[in-house]
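What follows is a set of notes on a single structure, which appears directly below.
Fair warning: this is a prediction, and the values are worked out from it, not measured in the lab. One is the number of the first residue; the rest follow in order along the sequence. Just so you know, ligand 1 is whichever comes first in the structure, and atom 1 is the first atom listed for that ligand. Keep in mind that the numbers below use all heavy atoms, side chains included, and drop hydrogens, waters and symmetry copies.
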Amino acid sequence: MSMITTLDEFIIRRQKDFPYASGELTGLLRDIGVAAKIVNREVNKAGLVNILGVADHQNTSGDTVQKLDMYANEKLIDCLKNSGECCGIASEENESFMPLEAISEKPSKYVVVFDPLDGSSNIDVNVSVGTIFGIYRRLSSTDEECQVTDFLQKGTELVAAGYVLYGTSTMLVYTTGRGVNCFTLDPSIGEFCLSHKDIKIPNHGQHYSVNQGYYLKFDVEMRRYIDHCSDMGLGLRYIGSMVSDIHRILFQGGIFLYPNTRANPKGKLRLLYECNPLSFVVEQAGGKAINTQLDRILDVEIHELHQKATIAIGSPDMVDEMKAFVEKYSAPMAP
Ligand code: AHG
Ligand code: MN
Ligand code: MN
């Protein structure tokens, strides 16, 4: 029988590689794993809740039925609050960040950022959604509450990041800057088990991923690159939940694009909650992530919690090729 490694065992084993580790990061990753299992349970029930068609947003027990993204948000906050391993959180669903109180007067040195449910418009039609998270070391003193500056750090400062995909299987993928590993939830034992070790993204893939419906709203250089993808015979895959598209690209290669449009001149996706954590994962797997100004995503300065970004992310050769197209076609015309 092959040996099973659970997420908890793996995290603890990895902690031993860091002689000065205090166990806080280990605890945080485990808490995120627990929250993921709770959210997973509700995501799986979502269809059923709709069938039961509860009037006035009340379920049969009289509880208020929440939107699933708000539910996921609350569960993540609860798990992180109770753990005492983090001093503050910032969520895509909340306007501002939230300082958390220390438990047993043990101050924490980490803050967590997350998109509780990515692709939430897909829930009603039973298409995969996910949770994205990132962990930063706080910059402020542990004598005071965490500050907004603890969250406004470039992606290069991420200590850990990952995502949970609630798909045909539920998978948790994360990195602490030493490769990317994937754990699949075994529902029979309720544990995330190591299923894909040290994932490496293919240099090239057979698909490109973009909302082609906005084609006419993209800049000319982006349209040229998209035409090129089509000319090369690449297939188009676009799920509408970034985490699902990135998961496919991580395993099969490809490129995901969310450029600026006329409606979203700075892009639509959020740097802190979506682009940075997923860029860290993809880079750790050997991929690349840049914006349409061709800056590396992880190097982009962040000035506000909900700052938007454009993004091209995926197989290294494809991101390089896209960069070459943008350089070529956005060059000023000769007089
Ligand atoms: P969220 O559900 O967290 O708001 O994110 C949705 C995001 C992303 O997951 C997806 O790739 C993108 O929005 C889809 O946007 P379009 O419908 O504009 O293509
Ligand atoms: Mn999202
Ligand atoms: Mn979301």
**Request:** Heavy-atom distances under 4.0 Å are what count here, so tell me which part of Asp245 touches ligand 1: side chain, backbone, both or neither.
**Result:** neither

**Request:** Answer side chain, backbone, both or neither: which part of Gln212 comes under 4.0 Å from ligand 1, heavy atoms only.
**Result:** neither

**Presence of N, O or S from Glu92 under 2.8 Å of the Mn ion (ligand 3)** = yes

**Request:** Would you mind listing which atoms of ligand 1 come within a distance below 4.0 Å of any non-hydrogen atom of Asp115?
**Result:** 3 (O)

**Complete:** Tightest non-hydrogen contact, residues Cys146 and Phe97, listed as O-CE1, 3.5 Å

**Taking atom 11 (O) of ligand 1 as the reference point, the nearest protein heavy atom with its distance** = Met242 N, 3.2 Å

**Asked** If you take all heavy atoms of Gln153 and Thr149, which pair is closest and at what distance?
**Response** CG-O, 3.8 Å

**Item:** Asp115 near the Mn ion (ligand 3): N/O/S under 2.8 Å
**Value:** yes

**Prompt:** Under 4.0 Å from any heavy atom of Glu92, which atoms of ligand 1 are there?
**Reply:** 3 (O)

**Complete:** atom 10 (C) of ligand 1 sits nearest the protein heavy atom Gly240 O, 3.4 Å

**Prompt:** Of all heavy-atom pairs between His196 and Phe251, which one has the smallest distance, and what is that distance?
**Reply:** CD2-CE2, 3.4 Å

**Item:** Short side-chain donor-acceptor distance under 3.5 Å, Ser140 and Asp150
**Value:** yes

**Request:** Examine Leu117 and say whether one of its N/O/S atoms is closer to the Mn ion (ligand 3) than 2.8 Å.
**Result:** yes

**Complete:** For atom 4 (O) of ligand 1, the closest protein heavy atom turns out to be Arg270 NH2, 3.5 Å

**Request:** State, to 0.1 Å, how close Tyr174 and Thr176 come at their nearest heavy-atom pair, and which atoms those are.
**Result:** CE1-CG2, 3.8 Å

**Prompt:** Parallel, tilted or perpendicular for His228 and Phe325, by the 30°/60° rule?
**Reply:** tilted

**Sub-3.5 Å N/O-N/O distance, Tyr258 and ligand 1** = yes

**Asked** Stepwise, does the salt bridge (charged side-chain N to carboxylate O under 4.0 Å, His left out) test hold for Lys154 with Glu157?
**Response** CA-CA 6 Å; Lys154 290 195 292 187; Glu157 305 308 313; 6.0 Å; no

**Complete:** Counting from 1 in the order shown, the ligand 1 atoms closer than 4.0 Å to a non-hydrogen atom of Glu274 are 3 (O), 5 (O)

**Request:** Starting from atom 13 (O) of ligand 1, find the nearest protein heavy-atom neighbour and note its residue, name and distance.
**Result:** Lys268 NZ, 2.9 Å

**Complete:** shortest atom 14 (C) of ligand 1-to-protein heavy-atom contact is with Tyr238 OH, 3.3 Å

**Asked** Without hydrogens or angle criteria, can the side chains of Thr310 and Thr292 be said to hold a donor-acceptor pair below 3.5 Å?
**Response** yes

**Prompt:** Parallel, tilted or perpendicular for Tyr214 and Phe218, by the 30°/60° rule?
**Reply:** perpendicular

**Prompt:** Of all N, O or S atoms in Asp118, which has the smallest distance to the Mn ion (ligand 2)?
**Reply:** OD1

**Fill in**
Here the N/O/S atom of Glu274 closest to the Mn ion (ligand 2) would be OE2

**Asked** Any idea which atoms of ligand 1 are less than 4.0 Å away from a heavy-atom of Leu117?
**Response** 2 (O), 3 (O)

**Presence of salt bridge, Glu85 and Arg30, under 4.0 angstrom** = no

**Asked** What do we get for Asp118 next to ligand 1 when only non-hydrogen atoms under 4.0 Å count, side chain, backbone, both or neither?
**Response** both

**Request:** Distance to 0.1 Å, residue and atom name: give those for the protein heavy atom nearest to atom 7 (C) of ligand 1.
**Result:** Leu269 CD2, 3.7 Å

**Residue pair Asp219 / Tyr225, side-chain heavy-atom distance below 4.5 Å** = no

**Fill in**
Heavy-atom proximity to atom 1 (P) of ligand 1, picking from Ser209, Gly130, Gly119, points to Gly119

**Message:** Quick check on side chain to side chain contact (heavy atoms under 4.5 Å, CB included): which of Val243, Ile246, Leu269, Ile311 does Glu274 satisfy it with?
**Reply:** Leu269

